[in-house]
Number of protein chains: 2
Amino acid sequence: MPGFRAFEPMELTFISSFKTGELVAESGTTLLSEGSHSAHLYTLLSGWAFRYKTLPDGRRQILNYMLPGDLVGLQGSVIGEMQHSVEALSPLVLCVFQRDRLNDLFRNHPGLGFDITWLAAQEERMLDDHLLSLGRRTAMERAAYLIAFLYHRAASVGLTSSRNLYLPITQMHVADTLGLSIVHTNKTLRKLADRSLIRWLDRSCEVLDVSGLMELAGWDGPPERRRPLI
Amino acid sequence: MPGFRAFEPMELTFISSFKTGELVAESGTTLLSEGSHSAHLYTLLSGWAFRYKTLPDGRRQILNYMLPGDLVGLQGSVIGEMQHSVEALSPLVLCVFQRDRLNDLFRNHPGLGFDITWLAAQEERMLDDHLLSLGRRTAMERAAYLIAFLYHRAASVGLTSSRNLYLPITQMHVADTLGLSIVHTNKTLRKLADRSLIRWLDRSCEVLDVSGLMELAGWDGPPERRRPLI
DNA sequence: CGTTAGTTTGACGGCACTCAAAAGTTGTGG
DNA sequence: CCACAACTTTTGAGTGCCGTCAAACTAACG
């Protein structure tokens with residue numbers, strides 16, 4: 001019997017035996033909305049997305065970003081109602097499941113059930129990091145952390161060619177992730193650019209010095225990926 | 001076959017067939033530390049605890065609070081290394097599991113495996129709410145949200161007698177949860193008290209008007225607990 | 001009754017917000 | 001190919017929320 005496993009592309013194929021279709025979405029599409037009771041659960045096969053919540057008066061907070069291999073809509077499947085919205089940052093390809101078959105998956109493929117828990121634990125770990133950032137880091141540290149974080153995430157799914165990465169986000173996204181105003185976000189990113197840590201291009205960000213960003217943020221990066229037990 | 005189920009006390013007893021012992025901890029005890037590789041996974045049977053992360057220079061951020069029914073150390077079990085610390089706010093009773101038997105649980109009791117995922121999804125939902133709070137709410141709104149949130153959590157496990165609740169926390173905990181300084185936290189709580197929304201007692205907080213707090217924060221409370229499907 | 005932990009208050013400063021406007025970019029239609 | 005609208009980035013001026021520093025006050029405890 002296998003020990004603990006990471007969620008590898010091969011397993012996605014396996015899970016695909018449960019799939020009911022495939023979905024292609026354009027950049028800017030809203031996949032799921034807060035309060036909806038969608039019957040679907042997705043796996044992201046390619047592209048970038050993000051999820052967010054809003055206050056009654058419209059203030060928006062981006063919670064996390066989604067990359068290939070991530071589950072989209074698990075909360076809705078498990079809790080019943082979506083408590084956040086999901087929007088595409090780039091063209092997406094998704095694998096669609098019927099969420100009411102999740103029970104079957106746990107029963108018939110306990111290893112995959114465990115993998116879903118593994119994914120949920122990873123998400124929790126990332127949210128923990130974001131909370132630390134919003135609560136206790138300065139604007140500059142927050143920005144440095146966010147870009148280093150996104151770089152590591154992209155690298156973990158093989159999206160980095162050479163040392164630089166182009167993030168498909170606007171400064172508005174950065175502001176709504178960091179909990180800052182767009183004006184102050186711009187001034188903060190400018191300082192990072194002046195230090196040659198990043199270069200901001202129109203509608204995207206080039207990462208120049210990841211370790212410099214991590215040092216500035218006081219962030220060690222994600223933990224080593226777990227090896228199989230015994 | 002049952003539909004989706006909530007994690008009820010009865011199930012705790014069921015899970016207890018996996019337990020390897022019981023643990024009693026005093027208030028202030030550190031149960032798990034960031035970076036540790038504990039071999040244990042706990043279920044909280046009674047008491048309050050919280051988990052937190054710190055930056056290299058000591059700044060602390062409280063991530064969430066733990067009440068009876070919560071799993072303690074799931075991240076460590078699934079990822080391998082604890083990425084946060086856990087500390088008791090009151091005397092605790094915990095049920096101890098060997099974390100390497102988690103695989104067995106998923107294989108032999110898929111329903112319980114699903115329940116663990118349900119718990120993880122609940123935690124994720126709470127962290128989403130906290131992120132929205134830290135990122136986009138003012139100090140006063142944040143404080144109102146936090147106290148209303150803790151009230152609902154306590155109520156969901158039957159800890160509220162009558163309408164008021166005494167939270168076993170200091171203003172230092174509130175400050176480290178809201179991402180504020182202790183001085184500003186004090187001034188903010190004072191304003192809430194002046195509005196008769198709460199009453200602050202030494203080392204604890206009495207909740208006087210939950211709906212007033214929720215309205216101030218622009219928070220609707222947790223979603224309805226999911227009913228079984230079909 | 002001294003010590004320690006927690007709460008409270010005031011003065012002052014700074015980081016980040018709002019307001020305002022300009023410059024650059026993208027996309028669309030004539 | 002150009003005009004125009006919409007969006008994004010950039011910059012400056014002024015404001016204010018919240019942080020830091022400092023000190024008093026209260027309660028618990030040995």
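Residue numbering restarts at 1 for every chain, and letters A, B, ... go by the order of the sequence lines.
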Quick one: [X] [atom1] to [N] [atom2], roughly how many Å, whole number?
X: Leu189(A); N: dT10(D); atom1: CG; atom2: P; result: 8 Å
X: Met140(A); N: dG14(C); atom1: CE; atom2: C1'; result: 15 Å
X: Trp200(B); N: dC25(D); atom1: CH2; atom2: P; result: 23 Å
X: His184(B); N: dC12(C); atom1: NE2; atom2: P; result: 19 Å
X: Ile169(A); N: dT9(D); atom1: CD1; atom2: P; result: 9 Å
X: Arg137(B); N: dA16(C); atom1: CZ; atom2: P; result: 21 Å
X: Ile182(B); N: dA22(D); atom1: CD1; atom2: P; result: 17 Å
X: Lys187(A); N: dA16(C); atom1: NZ; atom2: C1'; result: 9 Å

Are Glu141(B) and Arg59(A) ion-paired here, with the side-chain N under 4.0 Å from a carboxylate O?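 Yes, Glu141(B) and Arg59(A) are salt-bridged.
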If you measure from the Lys or Arg side-chain nitrogens to the Asp or Glu carboxylate oxygens, is any gap between Asp129(B) and Lys53(A) under 4.0 Å? yes
What is the nucleic acid contact for [X], judged by heavy atoms within less than 4.0 Å: base, sugar-phosphate only, or nothing?
X: Gly179(A); answer: sugar-phosphate
X: Thr138(A); answer: sugar-phosphate
X: Thr170(B); answer: sugar-phosphate

Taking for each residue the nucleotide of DNA chain C bearing the nearest heavy atom, is the 5' side occupied by Asp202(A) or by Ser181(A)?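 The residue mapped nearer the 5' terminus is Ser181(A).
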Just N and O in the side chain of [X]: are any of them under 4.0 Å from OP1 or OP2 of [N]?
X: Gln171(B); N: dA5(C); result: no
X: Asn186(A); N: dT9(D); result: no
X: Arg190(A); N: dT9(D); result: no

If each of Leu201(A) and Arg136(A) is mapped to the nucleotide of DNA chain D with the nearest heavy atom, which maps nearer the 5' terminus, i.e. the 5' end? Leu201(A)
Selected nucleotide, minimal atom distance to Val183(B) side chain, candidates dT18(C), dT7(C), dC21(D): dC21(D)
Ring pair (Phe, Tyr, Trp, His ring centres under 6.0 Å) between His173(B) and Tyr65(B): does it pass, once the steps are laid out? CA-CA 10 Å; His173(B) 294 119; Tyr65(B) 293 84; 7.4 Å; no
Salt bridge (Lys or Arg N to Asp or Glu O under 4.0 Å), that's the test. Do Arg125(A) and Glu81(B) meet it? Break it down for me. CA-CA 11 Å; Arg125(A) 179 185 59 72; Glu81(B) 179 181 320; over 6 Å; no
Strictly distance-based, threshold 3.5 Å: is any side-chain N or O of Arg99(B) a donor or acceptor partner for the main-chain N or O of Gly76(B)? yes
